Amino acid sequence: MSEPEDFHVEVTEAGPVVRARLVGSLDGETVPVLLGTVEPLLDAAEGLVLDCGPLAFCDSSGLRGFVLLRNRLAAPAAFRLEDPSPGLRQILAITGLEALVGEPT
Amino acid sequence: VEAAPRIPVESHAELYDGAPCGYLTTLLDGTIVRANARVYEWTGWDPEDLVDRRRFLDLLRVGSRIYYETHYAPMLQLQGRVADVALELVGIHGQAVPVIAGSVLVPAGDAAPGHIRTTLVDARGRQEFEQELVRARREAEESESRASDVARTLQRSLLHGGLTSGAGFVVETRYRPAVETLEVGGDWYDAFLVQDDVVAISVGDVVGRGLAAASAMGQVRSALRALSDLGQGPGPVLDRLDHFVGRVPGAWMATVAIVEVTPATGLVRYASAGHLPALVLEPDGATRLLWDGRSHPLAALPRDTPRPQATTTVPPGSSILLCTDGLIERHGRDIDEGLRAWADSATELRALPPAERADRMLADLLVDEDVRDDVCLVSLSLQPETASGTI
């Protein structure tokens with residue numbers, strides 16, 4: 001397991017569409033950092049874009065975090081994972097969660 | 001509103017000696033120039049014993065002295081102030097008074113040489129509080145380890161009762177708990193008859209660890225068995241599980257793979273909710289991953305179409321394997337490399353009997369330090385065509 005300091009979130013936009021960069025290793029130990037940082041911003045938000053470019057690792061707990069955040073939005077389709085690595089793309093494909101990389105509507 | 005009773009302005013001396021904390025003024029070498037009544041009360045020294053005769057250092061216990069010389073004094077020199085340092089005073093009768101100390105350095109000026117002002121806050125209560133914390137934490141840890149025993153027992157009993165063989169097939173199941181943690185995970189496996197001539201194997205993973213995960217796992221596993229009785233195949237079973245999972249706290253986003261096999265014909269029906277694909281090992285060593293019949297984890301996203309399932313056939317003597325991600329996932333390795341390693345291992349071990357193959361597969365694919373996660377492995381092996389009688 002990672003330590004909480006192995007992961008952090010940079011919120012780059014907190015407007016109607018919240019944008020954040022995910023940096024490091026996202027798993028059961030670090031997913032509370034993601035939820036704790038992003039969830040409070042979603043009350044007024046219409047969309048959420050998570051930049052996964054700097055994400056080095058993501059396991060099933062991380063995926064669960066993504067789906068939790070997606071389902072927190074009034075319009076869940078306005079959730080998007082941006083720039084997933086080939087590895088993350090593959091995990092999303094295996095878990096049948098490709099919909100998380102869709103364009104917001 | 002009644003006026004508060006007036007309190008006359010205190011003299012500096014009253015404020016100084018009557019303060020609830022200790023004050024010390026020392027020279028730069030630590031020699032005590034002045035101390036307030038609180039310091040004398042705590043230590044039992046008289047003013048004539050301390051002033052000009054002893055240094056602050058002399059009031060400290062050995063451990064604190066070392067800390068004072070190596071950290072406190074140098075920091076004070078460098079930064080001009082030190083705050084929030086835990087030290088222990090020692091009195092004339094050897095009594096210890098834990099304090100929180102802070103100092104400021106007053107540089108030399110026209111009126112006075114450089115000196116140091118130090119405040120000492122009584123920390124005896126805090127120390128007791130910390131001991132309380134330590135005790136409470138130890139008790140919590142003990143109770144947690146009891147809970148972890150309970151969870152492990154529960155998990156073992158929940159995983160019990162799977163089918164091990166039947167007409168034309170044998171099932172091997174392996175479960176290896178994570179090395180790093182004492183908490184049980186939410187991985188499960190099962191094997192059971194769907195109809196007289198159809199056998200099902202399943203594996204799954206409930207997110208999270210501990211008692212809650214073990215109990216959620218048990219409920220999903222039992223529900224899966226019950227729902228499979230309908231004989232409509234694994235896709236509809238997953239649809240029904242979606243509804244069920246909505247009522248089981250902790251089971252949301254669980255993944256599950258189901259493979260139903262008719263041993264007599266080699267017909268395979270399978271589906272996966274967010275889980276790793278099943279692996280087919282044919283008797284000649286050829287392998288393929290069953291990628292179809294795939295959809296998202298249980299209850300993760302709303303659905304307006306039924307869950308898919310897929311069909312294939314396998315030749316006699318084939319094995320179908322399922323595992324949880326602990327066998328495949330590694331930091332710094334893409335998942336397809338993990339899947340390839342799994343398939344390669346199956347090919348290499350194709351000639352071994354199923355039980356031995358399962359043992360070797362775990363041993364080959366897992367190096368101990370890699371086992372960060374629980375690992376389940378299930379294999380269903382069909383009787384070879386040429387064999388007579390049981391395997």
Side-chain angles (χ1 to χ4, degrees), chain A residues 1-3 5-7 22-32 34-35 48 52 54-81 84-102 104-105, chain B residues 178-181 183 185-187 204-210 213 238 250-257 271-278 289-303 307-308 324-326 328-340 371-374:
Chain A
M1 279 291 186
S2 308
E3 301 295 324
E5 56 269 23
D6 292 338
F7 174 80
L22 312 186
V23 186
S25 212
L26 184 59
D27 60 21
E29 290 296 305
T30 59
V31 79
L34 171 67
L35 298 178
L48 173 62
C52 297
L55 192 61
F57 176 82
C58 177
D59 75 356
S60 54
S61 299
L63 297 183
R64 190 167 185 260
F66 292 153
V67 177
L68 273 172
L69 291 174
R70 176 191 181 279
N71 293 348
R72 272 282 280 107
L73 293 171
F79 176 96
R80 184 156 54 100
L81 295 178
S85 66
L88 179 56
R89 235 172 232 287
Q90 198 171 29
I91 291 168
L92 291 166
I94 286 173
T95 52
L97 289 169
E98 306 93 328
L100 298 183
V101 195
T105 48
Chain B
V179 168
E180 257 182 51
T181 165
E183 270 193 307
D187 288 13
D205 189 356
V206 167
V207 181
R209 308 190 68 82
L238 292 177
W252 181 74
M253 278 286 283
T255 66
V256 48
S272 159
H275 203 86
L276 291 165
L289 292 162
L290 302 182
W291 281 111
D292 297 326
R294 161 160 312 281
S295 46
H296 57 72
L298 295 179
L301 307 176
R303 294 195 66 82
R307 296 250 186 192
T324 54
D325 51 13
I328 305 296
E329 255 180 29
R330 297 286 176 276
H331 268 276
R333 180 174 84 176
D334 278 349
I335 214 152
D336 61 344
E337 284 177 61
L339 290 170
R340 205 174 310 132
V371 188
R372 307 159 46 249
D373 204 354
D374 295 10

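All chains are named by letter (A, B, ...) in the order of the sequence lines, taking the proteins before the strands, and each is independently numbered beginning at 1. Below, all heavy atoms of this structure are taken into account, side chains as well, without hydrogens, waters or symmetry copies. In this text the structure is predicted, and so the values were computed from the model without any measurement.
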CG of A:D59 to CD1 of B:I335, rounded to nearest 0.5 Å, is 9.5 Å
Check A:R64 against B:M253 and note the closest heavy-atom contact, atom names and distance.
CA-CE, 3.3 Å
Heavy-atom closest pair (A:L97 atom, B:A300 atom, distance to 0.1 Å) is CD2-CB, 4.5 Å
Counting heavy-atom pairs under 4.5 angstrom with chain A, the leader among B:D334, B:D336, B:T255, B:L276 is B:D336
Relative to chain A, which segment of B:S295 carries a heavy atom at a distance below 4.5 Å: side chain, backbone, both, or neither?
backbone
Would you mind checking which part of A:A56 comes under 4.5 Å of any heavy atom in chain B, side chain (CB onward), backbone (N, CA, C, O), both or neither?
neither
Working to the nearest 0.5 Å, report the span between CG of A:L92 and NE2 of B:H296.
13.0 Å
Against chain A, label B:W291 side chain, backbone, both or neither, depending on which of its atoms sit under 4.5 Å from a heavy atom there.
side chain
Can you give me the closest heavy-atom contact between B:P277 and A:I94, atom names plus distance?
CD-CG2, 4.4 Å
Part of A:L68 within contact of chain B (heavy atom distance under 4.5 Å)
both
Report which part of B:D325 has an atom under 4.5 Å of a heavy atom belonging to chain A: side chain, backbone, both, or neither.
side chain
Any side-chain heavy atom of B:L301 sitting closer than 4.5 Å to one from A:R70?
yes
